[in-house]
Structures are given as C-alpha cells and as structure tokens.
Amino acid sequence: MPEVLFSHDPDRPMARQAVPGHNRFHPDVPPAATARPGQEFRIECREWTDGQIGDNDSADDVRNVDLDHSHMLSGPVRVEGAEPGDLLVVDILDIGPIPQETSEKGPVCGQGWGYSGIFAKVNGGGFLTDYYPDAYKAVWDFKGQVATSRHVPGVEYTGITHPGLMGVAPSQELLERWNRRERALIATDPERVPPLALPPLASGALAGAAEGDLFDRIAAEGARTVPPRENGGNHDIKNLTRGSRILYPVHVSGALLSVGDLHFSQGDGEINFCGAIEMGGFIDLHVDVIKGGMESYGVHRNPVFQPGRVAPQYSEYLTFIGVGVDHRDDTNLFLDATEAYRNACLNAISYLKKWGYTDEQAYLILGTSPIEGRIGGVVDVPNACCAVYLPTEIFTDDIRPGAGGPVYKDRGQVAVTS
C-alpha cells in the first residue's frame with residue numbers, strides 16, 4: 001500500500017481529524033502534507049457532507065443537510081518544486097470505498113454502502129428541480145464493483161468509481177476574479193431559488209490547520225467548492241477514474257492539491273445534484289511536474305485529462321432525444337443544449353414510469369447509473385439536440401420496446417421526507 005499522506009478516521013468529523021481538511025478554496029490554506037515529484041501516495045477521504053446522511057428509510061437528512069459545511073476535502077498536499085506556470089500531473093492509480101474489516105455494513109457512508117439524493121429546490125435543487133422540488137433519497141449497497149438498492153429495485157450497476165472533486169489552490173488574483181464574477185451573476189437575480197451562485201460564506205467554513213486571523217480571512221474570502229472552476233474542483237466527470245491522468249495549471253507555489261467527494265457510480269451530468277452514489281473512501285495518486293507546462297502546452301484556463309481505460313462493458317443502450325424547447329409553455333429557445341439535455345432526461349423518466357418506476361426512482365437511476373450524455377448538434381437553428389444513452393443491461397427486466405408492450409410492476413418508492 002502507498003504511504004498515507006492524509007488519513008481519515010471514519011468515526012470523527014473532518015474538523016476533529018488528527019489533521020483536518022478544508023471546505024473552501026484559498027491560496028493560504030496551510031498544506032496538510034508534502035509530496036515530491038514521482039511519489040505515489042494514498043489520500044483517505046470523508047463523505048462530502050461530513051456524515052450528515054444516514055443508512056435509513058427517511059429523506060429528512062437530505063432535506064435538512066447543511067450545505068454551508070461542504071465539501072469535505074482532504075489536503076491540501078504541497079508538491080515540491082511546483083510553481084506558477086507549471087502543470088501538475090496527477091495519475092489516479094486506485095480508488096475505492098472505505099476498506100472493510102468485516103463482511104457487515106458499517107455505520108459510515110462508504111463502509112459497504114452509499115447513497116444518492118434528490119435535493120430540495122430550497123436547498124440546492126438539481127437539474128430537474130422545477131419538476132422535482134422535494135427531497136428524496138436512495139441507499140445503495142456495495143458488493144465488489146456492483147451497487148444495488150432496496151429503494152430502487154430491479155437495477156444493478158457496475159460502478160465507474162471516481163473523485164467528484166479534485167483541484168489545486170487558486171492564486172489570490174484568480175480567487176478575487178471568481179468572487180467578482182460570481183457576485184455579478186448573483187446580482188442579476190438576487191432572490192432566485194435556488195441561487196445563481198454561492199458567494200464566500202464564513203458560516204461552516206473549515207480551513208485546515210489555519211487559526212486566528214488567517215482562518216478569519218480564509219473564511220471571509222474562500223471560494224465555495226460547489227462549482228468547477230479554472231483550478232479543477234467539482235467536475236463530477238464519471239470517467240475520471242483509475243488510470244486517468246490529469247494536468248492541472250499551477251497557480252501557487254506547491255500547487256496545493258486537494259481531493260474529496262468520492263463517487264461509487266454516476267451518470268453524465270450527475271443530474272440529481274447529489275446524483276452520484278456518494279461514499280467515503282481512499283484514492284491512490286502519483287504526481288509529477290511539467291516545468292513551464294502551461295505555456296508549452298497552451299493549458300491556461302482549465303485542466304486537461306486523459307481518461308483511464310476502466311469502464312463498465314455495457315453494449316446495449318436505449319437512447320432518448322431532447323431538443324431545446326421549454327415544453328411547459330411551448331417556448332422555443334435558441335440552441336439551448338442545457339434544455340435539450342433536460343428534455344432527454346425527462347423523456348427517459350416518462351419511459352421508465354411505464355415499467356413501474358416512480359418519477360423519483362427513474363430520476364435517481366439517471367443520476368447514478370453510467371448513462372452517456374451526448375450533444376447531437378448545436379448548429380441547426382433554433383433547436384439544439386442532446387441525447388441520453390441508458391444502458392439496458394443494468395435492468396433485471398428487459399425494458400427494450402417489444403411487441404408485448406411495457407410490463408408494469410409495483411417497485412415501491414425511494415425514501416421520502418416526513
């Protein structure tokens with residue numbers, strides 16, 4: 001096993017770890033560990049909400065989750081010799097849930113189980129939040145590479161395990177740009193629910209080992225970790241898995257690499273917001289540095305990555321198409337790929353309901369299973385076209401169209417709020 005540079009006690013919240021992690025991006029978060037170029041090491045990660053979600057049959061915890069407190073990031077790890085203008089090369093060697101000492105499930109997310117949730121519109125929302133504004137949850141059990149759920153019967157997935165969130169620290173100048181432009185976006189509709197962006201917020205901030213005035217400054221200025229940005233961050237790319245190589249533009253001395261929000265399985269888009277099967281666990285990394293790489297390779301604004309060769313071997317798909325029209329009021333939008341993808345998802349949900357899945361079960365299937373999201377076209381005015389490729393082999397029943405028509409079964413319901 002590689003050297004553990006950041007350890008995690010599953011029974012303790014992040015603030016009470018021997019070395020605490022952080023939940024804000026800021027150039028002055030103190031390094032938790034140091035790695036050298038060419039080194040292989042392990043980072044242990046806590047589930048992203050810091051243990052707020054339980055293995056139970058109620059969605060009250062999803063409805064009431066404190067998002068000010070997330071994400072829980074392990075690190076940052078300072079990489080020797082990395083300087084602004086370089087590229088940090090990160091190879092994902094291995095990744096998985098919390099290793100089990102027994103065959104029984106443990107109480108902590110990642111100890112043999114994970115969860116997915118539809119977040120309430122008033123608390124984060126999701127891709128289809130205008131259609132599904134309430135909170136719901138499904139708990140998933142792990143058996144090797146396969147996940148199944150008592151809340152969504154009749155499906156099982158081979159997961160593409162990956163970190164939802166990994167990135168480096170911004171420079172002070174880049175941080176100020178983020179905060180300036182996101183505040184400008186919020187100002188266009190400051191009362192929107194859910195909000196257009198999440199500005200810095202001292203409440204719930206965690207800044208590693210920082211104390212006193214340094215902590216106060218990080219809490220006041222630090223960027224929330226919900227969106228992806230130029231430093232990487234919360235990309236939620238399902239194919240960023242074992243064997244992947246990521247090249248991060250370096251903005252501060254030492255790069256300051258952090259990682260968290262591990263996922264057992266997820267579809268393209270993570271459309272429920274908490275759409276992946278969330279877990280705590282570990283990730284093994286190898287790092288290196290390309291001196292002057294940002295200029296040499298023209299990688300200035302965002303990371304570049306080479307996907308690994310690991311993925312479930314599904315070969316049969318049912319594909320649902322959507323176009324950029326808001327069907328609620330029959331408004332034609334101009335080359336709106338987001339609306340087109342939303343409609344493709346809604347069309348898939350409508351189909352799955354004919355087989356007995358509830359709206360919420362179908363929505364969670366699209367968020368957690370390894371669906372493929374594709375852009376068909378964004379040039380044929382006025383309608384963009386997108387598609388959702390749903391692997392039919394994840395279902396225990398044959399859901400493909402046939403002469404007999406759909407076979408409806410009562411499949412229960414996901415966990416709901418009280």
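Both backbone and side-chain heavy atoms feed into the values below; hydrogens, waters and symmetry mates do not. Residues take their numbers from the sequence shown, with the count starting at 1. Just so it is clear, the model here is predicted, and its values are computed rather than measured.
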- prompt: Under the 3.5 angstrom rule, does the side chain of E393 hit a backbone N or O of Y314 as a donor-acceptor pair?
  reply: no

- request: Please work out whether the ring planes of F25 and W178 are parallel, tilted or perpendicular, with thresholds of 30° and 60°.
  value: perpendicular

message: Are I365 and Y157 packed together at the side-chain level, in the sense that at least one heavy-atom pair is separated by less than 4.5 angstrom?
response: yes

field: Candidate pair W355 and F395, rule ring pair (Phe, Tyr, Trp, His ring centres under 6.0 Å), full reasoning
entry: CA-CA 11 Å; W355 300 85; F395 296 91; 8.7 Å; no

- prompt: How about T49 and H69: does a side-chain donor come under 3.5 Å of a side-chain acceptor?
  reply: no

query: If you measure only the distance, is there a donor-acceptor pair under 3.5 Å linking the side chains of T148 and E156?
result: no

query: Does M14 offer a backbone N or O that forms a donor-acceptor pair with the side chain of D50 under 3.5 Å?
result: yes

query: Salt bridge check: are D57 and R150 linked by an N-O gap of less than 4.0 Å?
result: yes

query: Are the side chain of S244 and the backbone of G308 linked by a donor-acceptor contact shorter than 3.5 Å?
result: yes

message: Tell me if a side-chain donor or acceptor on D86 pairs with a main-chain N or O of E83 at a distance below 3.5 Å.
response: yes

query: How about R192: does its CZ atom have over 12 heavy atoms from other parts shown lying under 6.0 Å from it?
result: yes

task: Please report the closest heavy-atom contact between I118 and Y132, naming both atoms and the distance.
output: CG2-O, 4.1 Å

task: Answer yes or no: is there a side-chain heavy-atom contact under 4.5 Å between F142 and F264?
output: yes

- prompt: Quick one: does NZ or CZ of R374 land under 6.0 Å from the six-membered ring centre of Y389, within 45 degrees of the ring axis?
  reply: yes

query: Could you state the interatomic distance from CG (L352) to CG (N347), rounded to the nearest 0.5 Å?
result: 11.0 Å

- prompt: If we ignore angles and hydrogens, is there a donor and acceptor under 3.5 Å between the side chains of Q313 and S315?
  reply: no

Heavy-atom pair of closest approach, residues P170 and V252: O-CG1, 3.3 Å

- line: Of all heavy-atom pairs linking A276 and S116, the shortest is O-CB, 3.3 Å

message: Test side chain to side chain contact (heavy atoms under 4.5 Å, CB included) on V79 and L88; report intermediate values, then the result.
response: CA-CA 8 Å; V79 180; L88 178 66; 3.8 Å; yes

field: Polar side-chain atom of T225 near backbone of H71 as donor-acceptor pair, under 3.5 Å
entry: yes

query: So do P163 and I95 actually touch side chain to side chain, heavy atoms under 4.5 Å?
result: yes

- prompt: Would you call K137-E360 a salt bridge at under 4.0 Å N-O?
  reply: no

message: Please verify the inter-ring angle class for F127 with Y341; under 30° counts as parallel, over 60° as perpendicular, anything in between as tilted.
response: tilted

task: State whether the side chain of Q52 and the backbone N or O of D66 hold a donor-acceptor pair below 3.5 Å, judged by distance alone.
output: yes

query: Judged by modelled atom types alone, do N231 and Y248 share a side-chain donor-acceptor pair under 3.5 Å?
result: no

Short side-chain to backbone donor-acceptor contact, D61 and I53, under 3.5 Å: no

field: Over 12 non-hydrogen atoms of neighbours within 6.0 angstrom of CD in E211
entry: no

- request: Give, for atom OG1 of T338 and atom CG of N343, the distance between the pair rounded to the nearest 0.5 Å.
  value: 11.0 Å

query: Between CZ of R245 and CG of D91, what distance do you get to the nearest 0.5 Å?
result: 4.0 Å

- prompt: Roughly how far apart are I271 CD1 and T129 OG1, rounded to 0.5 Å?
  reply: 12.0 Å

task: To the nearest 0.5 Å, tell me how far I92 CD1 sits from D284 CG.
output: 10.5 Å

- request: Would you indicate whether E80, at its atom CD, is surrounded by more than 12 heavy atoms from other residues, nucleotides or ligands within a distance under 6.0 Å?
  value: yes

- prompt: How about I290 and L247: do any of their side-chain heavy atoms sit closer than 4.5 Å?
  reply: yes

field: Closest non-hydrogen atom pair, A135 against T417
entry: O-CG2, 3.7 Å

- request: Starting from the C-alpha separation in whole Å, work towards a yes-or-no answer on salt bridge (Lys or Arg N to Asp or Glu O under 4.0 Å) for D130 and K121.
  value: CA-CA 8 Å; D130 288 340; K121 183 175 182 177; 2.9 Å; yes

message: Would M279 and W140 count as a side chain to side chain contact (heavy atoms under 4.5 Å, CB included) here? Give the steps.
response: CA-CA 10 Å; M279 68 178 192; W140 301 83; over 6 Å; no

message: In the structure I gave you, are the side-chain heavy atoms of E270 and H263 within less than 4.5 Å of one another anywhere?
response: yes

message: Could you walk me through whether E182 and R224 satisfy the salt bridge (Lys or Arg N to Asp or Glu O under 4.0 Å) test, starting with their C-alpha distance in whole Å, then the side-chain angles of each, then the deciding distance to 0.1 Å, before giving a yes or no?
response: CA-CA 11 Å; E182 290 174 23; R224 307 279 288 280; over 6 Å; no

message: For I375, I'd like to know if atom CD1 has over 12 heavy atoms of other residues, nucleotides or ligands within 6.0 Å.
response: no

- prompt: Is any side-chain N of the basic residue among E176 and R180 closer than 4.0 Å to the acidic one's carboxylate O?
  reply: no

query: So with a 6.0 Å cut-off around CZ of R36, is the heavy-atom count from everything else above 12?
result: no

message: Under a plain distance cut-off of 3.5 Å, with no hydrogens placed, do H286 and Q39 share a side-chain donor-acceptor pair?
response: no

- prompt: Counting heavy atoms not belonging to D189, are there more than 12 under 6.0 Å from its CG?
  reply: yes

field: Atom CZ of R309 with >12 non-hydrogen neighbours under 6.0 angstrom
entry: no

field: Any side-chain heavy-atom pair of M294 and P249 under 4.5 Å
entry: yes

message: Main chain of L201, side chain of R24: is a donor-acceptor contact present, judged purely on distance under 3.5 Å?
response: yes

query: With a 4.5 Å heavy-atom cut-off, do L390 and Y317 have their side chains touching?
result: no

message: Using only atom types and a distance under 3.5 Å, with no angle test, would you say the side chain of N23 pairs donor to acceptor with the backbone of L73?
response: no

field: pair L257-M166: side-chain heavy atoms closer than 4.5 Å
entry: yes

task: Grab the two heavy atoms, one from A207 and one from F215, that are nearest each other, plus how far apart they are.
output: CB-CD1, 3.7 Å

field: Heavy atoms of other groups near R42 CZ, more than 12 under 6.0 Å
entry: yes

message: With a 3.5 Å distance limit and no angle check, can you tell me whether Q361 reaches the backbone of T358 through a side-chain donor-acceptor pair?
response: yes

- request: Please lay out, stage by stage, how R242 and L93 fare under the test side chain to side chain contact (heavy atoms under 4.5 Å, CB included).
  value: CA-CA 6 Å; R242 296 177 185 88; L93 306 178; over 6 Å; no

- prompt: Between M1 and E40, is a side chain to side chain contact (heavy atoms under 4.5 Å, CB included) present by the stated rule, with each step listed?
  reply: CA-CA 10 Å; M1 186 179 80; E40 297 180 4; over 6 Å; no

Which atom of V139 lies closest to which atom of D55, heavy atoms considered: CG1-OD1, 3.3 Å

